[in-house]
Amino acid sequence: MNFVKRAGMSLRARKSKTAVLLGIFVVICTLLLGGFLLQAATARQEADAQRRIGVDVTVEGKGLTPAVADRIGAVPPVHRYNPLLPLKAGAAGFDPLVSALPKPGGARAGDKEEPPLSLAGVRDTGLLLPFSYGSARITAGRGITPKDAGRDVAVVERRLAEKNELKVGDTIRVRSADGRRTVPLTVVGVFQDPMPDPSQWTPRHELPGNALYLPVGTVRRLSPGAADLAEAVFKIGSPEQAERLHATVERQLGTGSFDFRVNDRAYKDQVRPIQRVGTFAGLIVWLIALAGALILALIVTLQIRERRDELGVLLSMGEKKWKLIGQHTVEAVAVALPAVAVAALAGQAAAQWAGDSLLDREAGRPAAGAPRTTVGVPEISVGPSELGKVAGIGLGISLVATVIPGIGILRLHPRSILTDSE
């Protein structure tokens with residue numbers, strides 16, 4: 001009789017033991033599938049967190065102009081960057097804030113020798129530390145974005161907006177320090193600076209309420225001449241990419257003529273825990289595979305001992321030993337395949353629950369001072385890749401669990417088996 005057909009008859013004859021074997025396979029495959037799904041989810045979440053959180057690299061140095069920052073920002077691994085060009089300017093048609101306290105020496109605030117407004121030319125307010133860490137926030141409208149390049153827009157501080165009854169869509173006029181150029185600006189946003197008004201007299205341009213954010217190009221038009229950036233912040237995906245960015249900055253600015261600072265605190269606080277979950281999931285997969293192979297090998301070994309009489313009869317009838325091993329392998333495989341199908345239904349629910357618990361716990365609690373960036377747990381779904389891995393490992397476990405105990409069949413002799421059974 002064909003050993004494959006004989007395997008089917010054996011499974012039907014031993015229904016209770018087949019059910020036990022099927023249950024064990026279902027548990028193993030479900031855990032394996034859950035581990036693979038959790039690995040896939042952490043990989044997607046890590047990539048998303050790297051894109052949105054990343055690592056901030058601050059560059060300062062002589063010769064760091066907006067054009068140089070644009071060239072550095074266009075080279076991988078940079079995916080966002082923000083130059084900062086500060087400038088003092090005057091107001092035309094609206095009133096800047098003034099200190100309510102007397103100037104030392106008896107004079108009142110309102111000295112016009114210094115321009116009252118503090119302008120900051122930026123490309124992306126979202127990369128400024130006060131905004132990314134949540135201490136400053138947009139209360140109306142929006143911030144400056146890369147799409148504002150070439151546009152004359154501004155984001156004003158809440159106290160300045162309240163004093164002049166400014167709202168989003170209004171137009172203000174800003175005058176250069178030398179008084180030669182005046183630029184009309186459309187207010188696209190209002191932000192709130194958490195810094196309170198100073199408790200002593202302060203020059204007008206140093207008051208937090210007199211701060212405005214503008215596109216870099218607009219600030220350059222108001223500047224009396226070419227000026228270097230105060231700094232430029234470049235966002236990269238991971239700390240490992242900082243060395244590559246350093247080489248790019250070095251080619252643009254020269255060796256040793258710049259300050260290069262890497263701020264990877266937010267990355268470590270939120271991305272590294274996600275990586276630990278992925279590593280844990282991978283370890284679980286291997287432990288389950290090893291434990292499953294050992295458990296099934298033990299069960300098959302016990303079954304072989306229980307079926308010594310059957311094996312002895314088959315051997316005495318001239319059945320080849322490799323076919324006996326093949327029969328046990330087919331029995332294990334025939335149970336493993338439906339177990340994968342059942343695991344596909346249970347594994348997704350288990351993995352989603354585990355992912356929600358582990359990833360929320362690891363990534364949802366930033367350390368003190370870290371930006372409150374929300375990293376959502378991705379939806380976990382069973383795909384062909386995960387099922388293929390589970391089926392492959394399941395078949396591998398079946399082979400290991402039957403072939404290794406099956407080595408004992410090679411040492412069996414029909415006469416000794418039948419003699420011992422009498």
query: Where do V183 and R173 land on the side-chain contact (heavy atoms from CB on, under 4.5 Å) test, with the steps shown first?
result: CA-CA 6 Å; V183 177; R173 300 176 68 84; over 6 Å; no
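- Under the 4.5 Å side-chain criterion, counting only non-hydrogen atoms from C-beta, P66 is not in contact with P83.
- V174 has its side chain within reach of L117: a pair of non-hydrogen atoms, C-beta onward, lies under 4.5 Å apart.
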field: Evaluation steps, side-chain contact (heavy atoms from CB on, under 4.5 Å), between R158 and F191
entry: CA-CA 6 Å; R158 176 184 56 82; F191 75 98; over 6 Å; no
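- Of all heavy-atom pairs between A140 and V168, the closest is C-CG2, 3.9 Å.
- Remark: the backbone N or O of L166 is not paired with any side-chain donor or acceptor of N164 at under 3.5 angstrom.
- Interatomic distance, Q192 CD to T139 OG1, rounded to the nearest 0.5 Å: 6.5 Å.
- With sequence neighbours excluded, the residues forming a ring pair (Phe, Tyr, Trp, His ring centres under 6.0 Å) with H246 are F258, F260, listed by chain and number.
- Contact record, P208 with D193: CB-OD2, 4.1 Å, taken as the closest heavy-atom pair.
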Expected list for residues 338-345: side-chain donor-acceptor pairs under 3.5 angstrom, two or more places apart:
none

Audit row: V68, L253, side-chain contact (heavy atoms from CB on, under 4.5 Å) steps and yes/no: CA-CA 8 Å; V68 172; L253 298 180; 3.9 Å; yes
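- At a threshold of 4.5 Å between non-hydrogen side-chain atoms, the residues V55 and Q241 do not count as touching.
- Between L185 atom CG and L214 atom CG the span is 5.0 Å, to the nearest 0.5 Å.
- Panel note: side chain S132, backbone P130; no donor-acceptor pair is recorded below 3.5 Å.
- Note: L127 CG to T58 OG1 = 10.0 Å, rounded to the nearest 0.5 Å.
- Of all the heavy atoms in L212 and A154, the pair that sits closest is CD2-CB, 4.4 Å.
- Under the ring pair (Phe, Tyr, Trp, His ring centres under 6.0 Å) criterion, F36 pairs with no residue, sequence neighbours left out.
- Using a 4.5 Å cut-off on side-chain heavy atoms (C-beta onward), D228 and T65 make contact.
- In this structure, H205 and P116 have side chains that are not in contact, with every pair of non-hydrogen atoms separated by 4.5 Å or more.
- Contact detail for K88 and P115: the closest heavy-atom pair is C-CB, 3.9 Å.
- Using a 4.5 Å heavy-atom threshold, the side chains of P273 and K268 count as separate.
- Here the CG atom belonging to L85 is positioned 8.0 Å from the CZ atom belonging to R220, to the nearest 0.5 angstrom.
- Distance CZ/F25 to OG1/T30: 12.0 Å, rounded to 0.5 Å.
- The structure places CD of Q39 at 6.5 Å from OG1 of T42, a figure rounded to the nearest 0.5 Å.
- Remark: the backbone N or O of R204 is paired with a side-chain donor or acceptor of N210 at under 3.5 angstrom.
- Screening residues 69-78 for side chain to side chain donor-acceptor pair (under 3.5 Å), with sequence neighbours left out, gives D70-Y81, R71-Q252.
- A 4.5 Å side-chain heavy-atom check between L207 and P198 finds at least one atom pair inside the cut-off.
- In terms of modelled atom types and a separation under 3.5 Å, the side chain of D259 and the main chain of V59 share no donor-acceptor contact.
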message: For a side chain to side chain donor-acceptor pair (under 3.5 Å) check, start with the C-alpha distance between T279 and R276, then their side-chain angles and the critical distance, and finish with the verdict.
response: CA-CA 5 Å; T279 302; R276 287 198 293 269; over 6 Å; no
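- Nearest heavy atoms, V335 versus T18: CG2-CG2, 4.1 Å.
- Under the 4.5 Å side-chain criterion, counting only non-hydrogen atoms from C-beta, I24 is not in contact with V27.
- In terms of modelled atom types and a separation under 3.5 Å, the side chain of T218 and the main chain of R151 share a donor-acceptor contact.
- Counting only residues at least two apart or in different chains, salt bridge (charged side-chain N to carboxylate O under 4.0 Å, His left out) contacts with residues 121-137 comprise R80-D124.
- Put simply, the side chain of T125 gets close to the backbone of I144: a donor and an acceptor are under 3.5 Å apart.
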Return all side-chain donor-acceptor pairs below 3.5 angstrom for residues 230-239, not counting sequence neighbours, or 'none' if the list is empty.
from : atom 1 : to   : atom 2 : distance (Å)
K235 : NZ     : I53  : O      : 2.7
K235 : NZ     : D56  : OD1    : 2.7
S238 : OG     : E240 : OE1    : 3.1

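- At a threshold of 4.0 Å, the pair R221-D152 counts as salt-bridged, since one of the basic side-chain nitrogens sits closer than that to a carboxylate oxygen.
- I28 approaches G292 most closely through the heavy-atom pair CD1-CA, 3.4 Å.
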- prompt: Which is it for L84 and L229 under the side-chain contact (heavy atoms from CB on, under 4.5 Å) test, yes or no, and what are the steps along the way?
  reply: CA-CA 6 Å; L84 177 61; L229 299 173; 5.9 Å; no
